[in-house]
Amino acid sequence: MNMNDSTRQSDFIRDIVAEDLKTGKWDGRVVTRFPPEPNGYLHIGHAKSICLNFGIAAENAGGICNLRFDDTNPTKEEAEYVESIIEDVRWLGFDWGEHLYYASDYFEQMYDYAVQLIKKGKAYVCDLSADQMREYRGTLTAPGKNSLHRDRPVEENLDLFERMRAGEFPDGSRVLRAKIDMTHPNMNMRDPVMYRILHAAHHRQGNKWCVYPTYDWAHGLEDSIEGVTHSLCSLEFENHRPLYDWFLDALGVHHPQQIEFARLELTRTVMSKRKLVELVEGGYVNGWDDPRLPTLSGLRRRGYTPEAIRDFLKRIGMNKVVSTVDTALLEHCLRKDLNKRSPRVMGVLRPLRVVIDNYPDGQTDELEAINNPEDASAGTRKVPFSKVLYIEREDFMEEPPRKFFRLAPGREVRLRYAYFITCTDVIKDDAGEIVELHCTYDPATRGGDSPDGRKVKATLHWVSAEHSLPAEVRLYDHLLKDEASADAADWKSNLNPDSLEILTGCRVEPSLAAAPAGSRYQFERQGYFCTDPDSSEDKLVFNRTASLRDTWAKIQKQQKK
RNA sequence: UGGGGAAUAGUGUAACGGUAGCACGACUGAUUCUGGAUCAGUUAGCCAAGGUUCGAAUCCUUGUUCCCCAGCCA
């Protein structure tokens with residue numbers, strides 16, 4: 001990956017890794033892993049974990065980070081998700097080399113380990129139903145009680161477990177449990193389930209198995225088998241750590257250290273899988289890569305850069321505090337990156353026709369425009385100018401309020417890289433709607449500067465009517481409304497009804513004619529845009545990645561108050 | 001009411017017994033052929049109360065608040 005945006009940083013996890021390196025705890029090895037379950041699409045919360053795990057591996061000589069699919073539940077997992085996860089991790093900029101693994105490849109080994117535990121008298125087959133098991137488990141404040149099958153002889157457990165695997169029993173009829181302590185204050189330690197019977201086809205193993213390991217049993221083993229040193233996971237697994245440790249100790253195998261960190265929450269969006277699924281399946285958004293979603297595929301389609309996401313994740317730090325990061329910080333990182341690298345272009349979102357009365361009919365001029373003022377090497381391009389132009393509707397006001405610097409009757413402004421123009425007439429339709437402006441231009445200001453030193457207070461973007469290309473532009477806003485109702489159950493009432501606005505009559509400069517999908521631009525004075533995969537030469541489609549900071553909008557807001 | 005965690009400006013994050021700093025946001029101003037960018041500045045904080053210490057965000061005690069756990073999900 002590109003390391004120049006991941007300068008060395010520190011946090012409590014990296015401190016532990018550094019300390020372990022110093023004491024030689026793992027013989028100088030650093031092995032981490034990113035272990036998604038292939039049951040959905042990755043989002044920026046996952047990216048926090050990805051950057052952490054791959055980042056730590058990259059920062060330490062010889063460090064390794066495995067990409068491991070935690071595919072222990074065939075009823076929820078699909079190959080489609082495996083593909084998308086691989087694509088997203090790559091896109092984010094990380095490389096696992098040879099280290100791509102599947103938990104399901106360890107099923108045989110896990111089974112053998114389970115047999116070992118049975119032989120040690122530390123696991124037993126239990127015939128309790130799910131309902132009964134819940135009863136026996138007790139509650140947060142009351143201890144549980146032992147299953148009547150808890151003291152089954154080893155030989156019987158071995159026999160039953162083998163027959164479970166052989167498919168002799170129906171789903172839900174039996175499980176293999178660890179024999180720990182039904183009165184343990186930590187619920188996870190009350191004889192947790194290690195295997196359940198699931199007659200379901202697995203996306204990689206097919207019908208080879210009908211018993212599947214649970215997370216608690218499988219995860220530590222996966223880490224152990226792969227020689228992981230630091231197993232990093234989110235806060236909700238803190239309560240599982242004693243069990244993670246118990247299993248590995250009971251087996252006497254390599255025992256990685258589990259360390260927990262807080263997952264990422266962002267303002268004005270949703271991050272939980274459950275909610276994302278609800279949005280996608282309920283048709284509130286258009287698929288997993290809807291540009292409004294915080295999924296990596298959504299952010300990619302929206303025009304986010306991996307660099308901006310990594311920079312953001314680096315800035316928010318790593319902690320155990322449950323917190324919600326302001327989306328404004330993500331947007332800041334985005335704009336910072338895009339500002340440096342995006343070619344400038346002129347596009348008019350809501351066109352207003354302007355006729356330059358004193359400009360010769362049929363004449364075309366080509367004006368030189370700077371591609372990126374932040375990057376001299378980006379060079380310049382030619383933009384056509386003619387008698388009939390389009391400017392942004394909101395750049396003209398017939399009765400300009402205080403602090404409105406743009407075009408108004410009798411006022412002179414600059415057309416960027418072109419000429420000074422002065423508004424001489426306003427044409428309206430029967431409904432009183434402004435349909436056209438008449439202006440004059442000053443030929444002496446060609447290129448955008450007045451030889452007499454005359455100043456204007458505004459510079460407008462524009463396109464030549466005849467030369468410009470039609471385009472559709474999709475404007476996005478936050479998924480959630482600003483002031484969110486506190487009712488967590490009714491979270492969908494907080495959805496922002498204006499999160500998507502589609503503009504169809506837009507006009508963009510001709511240089512965009514063959515803009516390939518995914519290419520990013522700054523539409524001057526408007527924001528950052530990228531070409532949507534829906535775009536073609538016949539029909540250009542752009543997504544607004546982010547708007548530019550808009551001081552005038554702020555002033556307007558204040559004036560309204 | 002059991003157990004496990006966490007509390008530092010509006011938000012996120014540093015400080016590891018020795019001047020509470022950084023970033024985002026908000027607000028000023030300068031500058032500008034993008035009301036962009038840039039530059040300069042302002043704003044605002046140690047959950048509470050005790051204790052230890054020459055000295056406490058940091059150590060101790062008590063309390064408060066918030067998060068997680070009763071799937072054969074991960």
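Every chain is numbered from 1, with letters handed out A, B, ... down the list of sequences.
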| task | Using the aromatic ring of A/Tyr215 (for Trp, its six-membered ring), decide whether it stacks on the base of B/A74 within the limits of 5.5 Å and 30°. | result | no
| Looking only at side-chain N and O atoms, does A/Arg190 come under 4.0 Å of OP1 or OP2 in B/A70? | no
| request: Please state how far atom CG in A/Asn186 lies from atom C1' in B/G5, giving the value in whole angstrom units. | output: 12 Å
| query | What nucleotide, of B/C68, B/G36, B/G35, holds the atom closest to the side chain of A/Glu236? | reply | B/C68
| Rounded distance (Å) that lies between atom P of B/A74 and atom NE2 of A/His202 | 11 Å
| field | Euclidean distance, atom CD1 of residue A/Ile391 to atom P of B/G35 [Å, nearest integer] | value | 13 Å
| task | Give A/Leu128 one of three labels, base, sugar-phosphate or nothing, depending on what nucleic acid heavy atoms sit under 4.0 Å from its own. | result | base
| query | Given B/G35, is OP1 or OP2 found less than 4.0 Å from the side-chain N or O atoms of A/Arg525? | reply | yes
| message | Distance criterion of 3.5 Å, no angle test: do you see the side chain of A/Asn239 paired donor-to-acceptor with the base of B/G3? | response | yes
| query | So do the side chains of A/Leu338 and A/Arg520 get within less than 4.5 Å of each other, counting heavy atoms only? | reply | yes
| task | Report which part of the nucleic acid A/Pro36 touches: base, sugar-phosphate, or nothing (heavy-atom distance under 4.0 Å, all strands). | result | nothing
| request: Report which part of the nucleic acid A/Arg315 touches: base, sugar-phosphate, or nothing (heavy-atom distance under 4.0 Å, all strands). | output: sugar-phosphate
| query | With rounding to whole Å, what would you report as the distance between B/U28 and B/A56 at their P atoms? | reply | 39 Å
| Base, sugar-phosphate alone, or nothing: which one does A/Thr139 contact when heavy atoms must sit under 4.0 Å apart? | base
| query | With respect to A/Asp191, which candidate in A/Lys122, A/Lys145, A/Arg150 satisfies the salt bridge (Lys or Arg N to Asp or Glu O under 4.0 Å) definition? | reply | A/Arg150
| Are OP1 or OP2 of B/C27 and a side-chain N or O of A/Lys554 less than 4.0 angstrom apart? | yes
| message | What is the distance, to the nearest angstrom, from the CG atom on A/Leu140 to the P atom on B/G3? | response | 11 Å
| said: I need the CE-C1' distance between A/Met182 and B/A70, as an integer number of Å. | reply: 10 Å
| request: Report the distance from atom CD of A/Glu331 to atom P of B/G12, rounded to the nearest whole Å. | output: 16 Å
| note | To the nearest 0.5 Å, atom OH of A/Tyr521 lies from atom CZ of A/Phe542 at 6.5 Å
| message | For a quick test of reading the model: is some side-chain N or O of A/Arg414 closer than 4.0 Å to OP1 or OP2 of B/G35? | response | no
| said: Contact list please: residues 44-52 of chain A against RNA chain B, heavy atoms, distance less than 4.0 Å, in numerical order. | reply: none
| message | In this structure, how many angstroms lie between the P atom of B/G35 and the CG atom of A/Leu460, rounded? | response | 8 Å
| request: Determine: side-chain N/O of A/His332 to OP1/OP2 of B/C24, distance under 4.0 Å, yes or no. | output: yes
| query | Contact class for A/Arg344 vs. all strands (heavy atom < 4.0 Å): base, sugar-phosphate, or nothing? | reply | base
| said: B/A37, OP1 or OP2 - any side-chain N/O from A/Asn372 closer than 4.0 Å? | reply: no
| field | Side-chain donor/acceptor contact of A/Gln522 with base of B/U34 under 3.5 Å | value | yes
| Is the shortest side-chain N/O distance from A/Gln132 to OP1 or OP2 of B/C72 below 4.0 Å? | no
| query | Taking atom C1' in both B/G25 and B/A44, what distance in whole Å separates the two? | reply | 11 Å
| query | Is the shortest side-chain N/O distance from A/Ser323 to OP1 or OP2 of B/U11 below 4.0 Å? | reply | no
| task | Remember a base hit wins even if backbone is also touched, and classify A/Glu524 as base, sugar-phosphate or nothing at under 4.0 Å, heavy atoms. | result | base
| request: Provide the distance between the two C1' atoms, one in B/G18 and one in B/G55, to the nearest whole Å. | output: 7 Å
| When you check the phosphate oxygens OP1 and OP2 of B/A37, does a side-chain N or O of A/Arg341 lie under 4.0 Å from one of them? | no
| query | Quick one: CZ on A/Arg344 to CG on A/Asp375, what's the gap to the nearest 0.5 Å? | reply | 9.5 Å
| field | Between B/A6 and B/U58 - C1' atom distance, rounded Å | value | 16 Å
| Among A/Gln258, A/Arg33, A/Glu226, A/Gln257, which one satisfies side chain to side chain donor-acceptor pair (under 3.5 Å) with A/Ser231? | A/Arg33
| request: Determine the contact category for A/Asp449: base if any of its heavy atoms lies under 4.0 Å from a base atom, sugar-phosphate if only primed atoms, P, OP1 or OP2 are that close, otherwise nothing. | output: base
| said: Could you check whether A/Asn53 and A/Ser49, counting side-chain N and O atoms only, form a donor-acceptor pair closer than 3.5 Å? | reply: yes
| query | When the C1' atoms of B/U8 and B/U65 are considered, how many whole Å apart are they? | reply | 15 Å
| Looking across every strand, which nucleic acid part, if any, lies under 4.0 Å from A/Tyr195 by heavy atom: base, sugar-phosphate, or nothing? | nothing
Output one line per pair: protein atom, nucleotide atom from nucleotides 38-44 of chain B, and distance, for all N/O pairs under 3.5 Å.
none

| query | Quick one: side chain to side chain contact (heavy atoms under 4.5 Å, CB included) partners of A/Cys210, sequence neighbours excluded? | reply | A/His199
| task | Could you tell me whether A/Arg411 atom CZ has more than 12 heavy atoms of other residues or ligands within 6.0 Å of it? | result | yes
| message | Rounding to an integer number of angstrom, what distance separates B/U53 and B/C68 when you compare their C1' atoms? | response | 37 Å
| message | With heavy-atom distances below 4.5 Å as the criterion, would you say the side chains of A/Asn188 and A/Trp246 are in contact? | response | no
| In whole Å, what is the span from the CZ atom of A/Phe69 to the P atom of B/A74? | 16 Å
| message | Categorize A/His240 for me: base, sugar-phosphate, or nothing, with a 4.0 angstrom heavy-atom threshold over every strand shown. | response | base
| said: Within the 4.5 Å heavy-atom criterion, are A/Gln526 and A/Ser547 side-chain neighbours or not? | reply: no
| task | Please measure how far the P atom in B/C60 lies from the corresponding atom in B/C67, and state the result in whole Å. | result | 25 Å
| Spacing of the P atoms in B/G3 and B/A15 (rounded, Å) | 31 Å
| Strand partner of B/A49, provided both Watson-Crick or wobble distances fall under 3.5 Å | B/U61
| request: Would you check if A/Asn73 and A/Glu37 make a side-chain contact, meaning some heavy-atom pair closer than 4.5 Å? | output: yes
| query | What is the nucleic acid contact for A/Thr551, judged by heavy atoms within less than 4.0 Å: base, sugar-phosphate only, or nothing? | reply | sugar-phosphate
| request: Apply side-chain hydrogen bond (donor to acceptor under 3.5 Å, both in side chains) to A/Lys340 and A/Asn372, showing your working. | output: CA-CA 8 Å; A/Lys340 278 183 309 193; A/Asn372 186 347; over 6 Å; no
| query | Side-chain contact, heavy-atom cut-off 4.5 Å: A/Val413 with A/Thr459? | reply | no
| said: Strictly by Watson-Crick or wobble contacts shorter than 3.5 Å, is anything paired with B/A40, and which nucleotide is it? | reply: B/U28
| B/C73 phosphate, OP1 or OP2, under 4.0 Å from A/Arg196 side-chain N/O | yes
| Where does B/G50 land, syn or anti, once you apply the within-90°-of-0 test for syn? | anti
| What distance do A/Met318 atom CE and A/Lys48 atom NZ have between them, rounded to the nearest 0.5 Å? | 5.0 Å
| task | Taking only the side-chain nitrogens and oxygens of A/Thr72, find out if one of them lies under 4.0 Å from OP1 or OP2 of B/A74. | result | yes
